[in-house]
Amino acid sequence: HIHRATTAAFELATSVACLSGIQHFAVSPEGMRHVPGFVQKFLQHLPAMWQDVHFIDGYPGKYYIVARKSANGWYVAGLNASGESKILHLKLDLSFLKGRTGKLISCQDPQRPNSFKQQDVTVDQNGQLGISLNNNDGFVAVFQ
């Protein structure tokens, strides 16, 4: 059994937050049997290349939020690696997505770091989206 310090949602967010010349995932068929269908679908439809990128927020060594565009969709990913036990509460400026609704995938329960939840989120009319992240946690949101 592998013990990791990050949540499964953090690991999923790295698929958008981190770029590589070759998109690859360290996962086995057995491992994929343990994740919800919406996570499998997210990975199946994840673009291999991006047309645009927006840095949203961050601080070196603490947290990083980025948005990447593919076709008509935007993928927003966030990572909190601050090392602090307090929850990071952010108001993201997503004015380019004002009024749009997307699917947010995050950790369901910090006590169960391999858990996922999916929920609908809407960027408000001011272009803001509130996000809260525990340490070593992450999220992805897809706006199609």
Side-chain angles (χ1 to χ4, degrees), residues 1-28 30-32 34-70 73-144:
H1 180 74
I2 298 172
H3 174 74
R4 65 173 182 247
T6 57
T7 67
F10 182 104
E11 298 300 321
L12 187 66
T14 64
S15 67
V16 174
C18 304
L19 290 183
S20 173
I22 300 172
Q23 186 72 293
H24 55 279
F25 306 106
V27 67
S28 67
E30 296 80 28
M32 288 304 290
H34 299 287
V35 299
F38 60 84
V39 171
Q40 294 175 18
K41 184 177 178 182
F42 170 83
L43 289 169
Q44 288 168 349
H45 297 286
L46 188 65
M49 51 194 286
W50 308 102
Q51 283 84 37
D52 199 359
V53 61
H54 291 214
F55 172 76
I56 304 301
D57 198 0
Y59 189 85
K62 301 284 184 178
Y63 68 99
Y64 172 58
I65 315 291
V66 66
R68 300 190 190 280
K69 183 178 192 274
S70 178
W74 281 93
Y75 292 70
V76 182
L79 304 170
N80 178 9
S82 66
E84 299 171 9
S85 60
K86 65 182 181 182
I87 296 173
L88 179 64
H89 299 284
L90 299 170
K91 279 282 188 195
L92 305 181
D93 178 3
L94 300 176
S95 51
F96 59 98
L97 294 171
K98 187 181 338 183
R100 288 181 69 177
T101 297
K103 300 281 186 194
L104 173 75
I105 301 174
S106 59
C107 184
Q108 180 174 359
D109 178 0
Q111 301 304 314
R112 294 178 29 238
N114 289 328
S115 64
F116 287 104
K117 69 178 175 184
Q118 178 176 266
Q119 66 193 66
D120 291 338
V121 292
T122 301
V123 179
D124 70 23
Q125 290 306 313
N126 295 321
Q128 303 286 309
L129 179 65
I131 293 287
S132 296
L133 287 172
N134 288 299
N135 185 43
N136 296 325
D137 197 5
F139 74 90
V140 290
V142 181
F143 298 87
Q144 294 291 353

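All residue numbers refer to positions in the sequence shown, counting from 1. No hydrogens, no waters, no symmetry mates; every other heavy atom, side chains included, goes into these values.
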Measure the acute angle between the ring planes of W50 and Y75, then classify it against the limits of 30° and 60° as parallel, tilted or perpendicular.
perpendicular
Other residues, nucleotides, ligands: >12 heavy atoms within 6.0 Å of Y59 OH
no
Would the distance check show the side chain of S70 and the main-chain N or O of G73 forming a donor-acceptor pair, the cut-off being under 3.5 Å?
no
Does any part of the side chain of V35, heavy atoms only, come nearer than 4.5 Å to the side chain of L12, both counted from C-beta?
no
Please say which of D137, N134, N135, L133 ends up in a side chain to side chain contact (heavy atoms under 4.5 Å, CB included) with I87.
N134
For the CG atom of N136 and the CD atom of E11, what is their distance to the nearest 0.5 Å?
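Taking CG in N136 and CD in E11, the distance rounds to 9.5 Å.
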Can you tell me how far NZ of K117 sits from CD1 of I105, rounded to the nearest 0.5 angstrom?
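Going from CD1 on I105 over to NZ on K117, the span is 12.0 Å.
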Heavy-atom check, side chain of H45 versus side chain of V142, under 4.5 Å
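No, side chains not in contact.
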Mind checking whether W74 and H54 have parallel, tilted or perpendicular rings, split at 30° and 60°?
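Perpendicular.
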L104 to A141 - nearest heavy-atom pair and separation:
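Taking every non-hydrogen atom into account, CD1-CB, 4.0 Å.
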Side chain to side chain contact (heavy atoms under 4.5 Å, CB included), paired with V66, selected from L79, D57, V53, I56
V53
Atom pair CG/OG1 of N114 and T6 - distance to nearest 0.5 Å:
9.0 Å
Partners meeting side chain to side chain contact (heavy atoms under 4.5 Å, CB included) with P36 (sequence neighbours left out):
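Scan of P36 (side chain to side chain contact (heavy atoms under 4.5 Å, CB included), adjacent residues dropped) gives F38, V39, F116.
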Taken to the nearest 0.5 Å, the spacing of L88 CG from I65 CD1 works out to 7.0 Å
With rounding to the nearest 0.5 angstrom, report the CG to OH distance, N80 to Y64.
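Those atoms lie 14.5 Å apart.
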Closest contact, heavy atoms only, A17 versus A77:
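So the minimum-distance heavy-atom pair works out to N-CB, 4.0 Å.
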Residues in side chain to side chain contact (heavy atoms under 4.5 Å, CB included) contact with K98, at least two apart in sequence or another chain
Q125
Any pair counted as salt bridge (Lys or Arg N to Asp or Glu O under 4.0 Å), so long as it reaches residues 75-96, sequence neighbours left out
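Checked against salt bridge (Lys or Arg N to Asp or Glu O under 4.0 Å) - neighbours excluded - the pairs reaching residues 75-96 are K62-E84, E84-K86.
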Atom CZ in R68, atom CE in M49: separation rounded to 0.5 Å?
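R68 CZ to M49 CE: 13.0 Å, rounded to 0.5 Å.
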Where do V76 and F139 land on the side chain to side chain contact (heavy atoms under 4.5 Å, CB included) test, with the steps shown first?
CA-CA 8 Å; V76 182; F139 74 90; 4.0 Å; yes
Salt bridge D120-K103, side-chain N to carboxylate O under 4.0 Å
yes
